[in-house]
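Convention: sequence-line order gives letters A, B, ...; per-chain numbering from 1.
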Amino acid sequence: MDKKIRLTFPDGSVREYNSGVTGSEIVEQLNRRLAKEATGIVVNGVLKSLPEHLTEDAEIRFVTFDDKEGRYVFWHSSAHLMAHAVKRLFPEAKLGIGPPIEDGFYYDIDLDRPITPEDFEAIEKEMAKIVDEDDPIVRKEMERDEALSFFKKIGEDLKIELIEELNEEISAYTQNDFTDLCRGPHLPSTGRIGKHFKLLNVAGAYWRGDEKNKMLQRLYATAYPKRKMLEEHLHRLEEAKKRDHRKLGRELDLFSIQENIGSGLILWHPKGGRIRRIMEQFNIEEHYKNGYELIYTPHIAKLELWKTSGHTGFYRENMFSPMQVDEVDYQLKPMNCPFHISIYQSSMRSYRDLPIRYFEMGTVYRYERSGVLHGLMRVRGFTQDDAHIFCTQDQLNDEIIRVLNFTLYILRTFGFSEFEIYLSTRPEKYVGTPENWDSATTALQNALDKSGLEYEIDPGEGVFYGPKIDIKIKDVIGRSWQCSTIQVDFNLPERFNVEFTGEDGQRHQPIMIHRALMGSLERFFGILIEHYGGAFPMWLAAVQAVIIPISERHHQYARILFDQMRQAGLRVEMDARNEKMGFKIREAEMQKIPYMLIIGDKEVEEQLISVRRKGEGDIGKLSLQQITERMKEEINAKK
RNA sequence: GCCCACGUAGCUCAGUAGGUAGAGCACAUCCUUGGUAAGGAUGAGGUCACCGGUUCAACCCCGGUCGUGGGCUCCA
């Protein structure tokens, strides 16, 4: 009855409480502000609801929306709130799962009638009503049979399916007329959620992510404890929309995708083409510096080649259909590797030749299901900065380190500084010997350790032919994109019987590394567009400066400047249109051109140039030589 | 591929109980020669994604196809 328990707080202090005290009670006494903000309590490392009773000595800490765990609770309860509202409006709706996600939460709902954005308001209204009711959210533990009969009674078939597979303790949370199967934890009452929520969109999602299952309607939404936070989040979404590479691609005339050409096939317009050329040139030069040889290979080859490589087996669903030429089947290439191997095999290789590093800007075609295509990010024809390294076992370690450093150098030059790195190890189905896998995995891991970079291990996530390192880059608004991949391959050397002559005069099989740094140029370009919001740094900008003569009598001088700057290798244009200066400046700003060079009477007379920097405004007068130098410095600094 | 939504001028979007369409920007011509984010006038521009059906009549209703978007799944 009067049992006391000792609770340890994060600052190390220890207090005594009556056994059975709840988190809510403790935090009420402790700190009124925290009491308002706390969404849950962590007891000995386990996240729990505030109203749960504590009966043992423990270390405790309260979590708020500022903590990951706190947000989890907040959004989880928000998901229940939304489901509750949906059930009130559509009692026949059946509930799937409704977890918190990165920026909010969703709930999968089985309902014959499609939910449309027009319904959002009604759902939000009902949610607000439930918040006003401030219904206590009560946990109840259930026996399996009890849970089954309860959810059967209320017709929640999908929940039944979940219960049948549950091994842990079964619990449900009830708020007023709504009960949901749930592990929890939750906020103490619906009023604690507040009204700063918003339904964002609705999309189809297969029950349990399996396309053989029924398609449910997934309602996405978000919620925040404060109005301002919700507004900021919505603002971020707006920002992301503004940066959308598909929108910018059109506005800046970089590329297009056209119906009569085909889905997932990119047309690079002149400005996009310029930027691509710069990306390629830089990339190729750096590859030469790093000991690679540039090669070119065809876009199609006999189907037989792809049988040898095994692609017709394990890669079949991603390949375009073969075409017949002179009664022989040919295949559009989905990868470059077999060609690189064929070049390797065009003559005898000695251990003295290794490592051999073949590099290609290889254009490949892959069949992607229509629903997954997305601007430049997911296409059916793309060009990879692809390379294959053939080396000995002894060289593997050094090669991986080289590749890793090279990758990071390239990515950093393009303006990315944050990375997420994953090491994927041997999956259940694999080729090669466990010993080879181990040594290759060790080599990858050693390289990562030496680099001093943080990385995560994805156990069993390797490709069947070898372990790999994937590098994701983070863009300015915090989204991550996978571009680079470094993969060890035990499969192809075996299939093609790739060999070299060793010191001992015997034939040996080299190890093969596949690697792409930017990955797909198309996708990398898309990421760059969004990363820079279309305002490319000088070294990448399609147009680095536009010359703006104020009136026709300045054209002659402007023309001379234009020619000279072009001669100096700068990407300059001249806006000789019959428009006012303000108009031309506005346009240049919107086109995100870094420099505007204004030429009027004063400039002609003084033989100077008025320089306006995008986003900054007038920065004064410079001579042709000064502005040329300034621009070149910026270009060389690649900033 | 699947679910939902969408497809009107180069772009952004109006539009009609079913009677072959409209704005702004962009474009062309003319006027204007203008100092740091939109000068003015006139004009041209559309098989209303495509194919079929219903109807006296379809951009609108119905079916199919293609494409786009949000997701599922997969991945560079």
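A salt bridge is defined here as a Lys NZ or Arg NE, NH1 or NH2 lying under 4.0 Å from an Asp or Glu carboxylate O, and A:Lys584 with A:Glu587 fails to meet this definition. Ion pairing between a basic and an acidic side chain is recognised when a charged N comes within 4.0 Å of a carboxylate O; A:Arg577 and A:Asp575 show such pairing.
Atom name C1', nucleotides B:rG24 and B:rA5: the rounded distance is 26 Å, in whole Å. Rounded to a whole angstrom, the distance from the C1' atom of B:rC25 to that of B:rG53 is 39 Å. With both ends at atom P, the span from B:rU73 to B:rC13 equals 30 Å, rounded to whole Å. Comparing B:rG7 with B:rC62, their P atoms sit 13 Å apart, to the nearest whole Å. Here, B:rA38 and B:rC51 have their P atoms 44 Å apart, quoted to the whole Å. As rounded to the nearest Å, B:rU29 and B:rU68 have C1' atoms that lie 36 Å from one another. Distance check on atom C1': B:rA58 versus B:rC48 gives 11 Å, rounded to whole Å. B:rA76 and B:rA14 have their P atoms separated by 39 Å, given to the nearest Å.
Backbone-only contact: A:Phe583 has heavy atoms under 4.0 Å from sugar-phosphate atoms and none from a base. When heavy atoms are screened at a 4.0 angstrom cut-off, A:Lys602 is found touching base atoms of the nucleic acid. Backbone-only engagement by A:Ser263 is indicated by non-hydrogen atom pairs under 4.0 Å involving sugar-phosphate atoms exclusively. The residue A:Gln482 sits close only to the backbone: its heavy atoms come under 4.0 Å of sugar-phosphate atoms, none of a base. Heavy atoms of A:Arg218 sit under 4.0 angstrom from primed sugar atoms or phosphate atoms, though from no base atom. Heavy atoms of A:Asp618 sit under 4.0 angstrom from at least one base atom. At the heavy-atom level, A:Val379 lies under 4.0 Å from base atoms of the strands shown. Using a 4.0 Å heavy-atom distance criterion, A:Ala203 is classed as a base contact. Counting non-hydrogen atoms under 4.0 angstrom, A:Phe524 reaches nothing in the nucleic acid. The residue A:Arg553 sits close only to the backbone: its heavy atoms come under 4.0 Å of sugar-phosphate atoms, none of a base. Within 4.0 Å (heavy atoms only), A:His554 reaches no atom of the nucleic acid at all. A:Asp210 comes within contact range of no nucleotide atom at all, as no heavy-atom separation falls under 4.0 Å. A:Phe525 comes within 4.0 angstrom of no nucleic acid atom, judged by non-hydrogen atoms across all strands. Looking at heavy-atom distances under 4.0 Å, A:Ser484 makes no contact with the nucleic acid at all.
Applying the salt bridge (Lys or Arg N to Asp or Glu O under 4.0 Å) test to pairs two or more places apart or on separate chains, those with a residue in residues 90-102 of chain A are A:Lys94-A:Asp157. Judged as a salt bridge (Lys or Arg N to Asp or Glu O under 4.0 Å), the pairs with a partner in residues 264-276 of chain A (not counting sequence neighbours) are, in order, A:Arg274-A:Glu573, A:Arg276-A:Glu280, A:Arg276-A:Glu522. Screening residues 360-373 of chain A for salt bridge (Lys or Arg N to Asp or Glu O under 4.0 Å), with sequence neighbours left out, gives A:Glu211-A:Arg369, A:Lys333-A:Glu360, A:Glu368-A:Arg378.
Ring geometry for A:Tyr72 against A:His76 counts as perpendicular: the plane angle is over 60°, on a 0 to 90° scale with 30° as the lower cut. Between A:Phe320 and A:Tyr365, the two ring planes are perpendicular [angle over 60°; tilted spans 30° to 60°]. In this structure, A:Phe525 and A:Trp268 have parallel ring planes: the angle between them is below the 30° cut-off, well short of the 60° mark. Using the six-membered ring where Trp is involved, A:Phe359 and A:His287 have ring planes that are parallel, under 30° apart on the 30 and 60° scheme. Note on ring orientation: taking the six-membered ring where Trp is involved, the planes of A:Trp75 and A:Tyr224 are perpendicular (angle over 60°, cut-offs 30° and 60°).
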Can I get a per-line list of side-chain donor-acceptor pairs under 3.5 Å for residues 417-424 of chain A, giving both atom names and the distance, sequence neighbours left out?
residue  : atom : partner  : partner atom : Å
A:Glu420 : OE1  : A:Tyr422 : OH           : 3.0

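In secondary-structure terms, RNA chain B builds stems of at least 3 consecutive Watson-Crick or G-U pairs, each pair having both distances under 3.5 Å, at B:1-7 with B:66-72, B:10-13 with B:22-25, B:27-31 with B:39-43, B:49-53 with B:61-65.
Between A:Asp244 and A:Ile585, the residue whose closest nucleotide on RNA chain B is further toward the 5' end is A:Ile585. Along RNA chain B, the nucleotide nearest A:Lys614 and the nucleotide nearest A:Gly375 are compared for position; the residue whose nucleotide lies closer to the 5' end is A:Lys614.
With a cutoff of under 4.0 Å to any heavy atom of chain A, the contacted region of RNA chain B is bounded 5' to 3' by B:rG1 to B:rA76.
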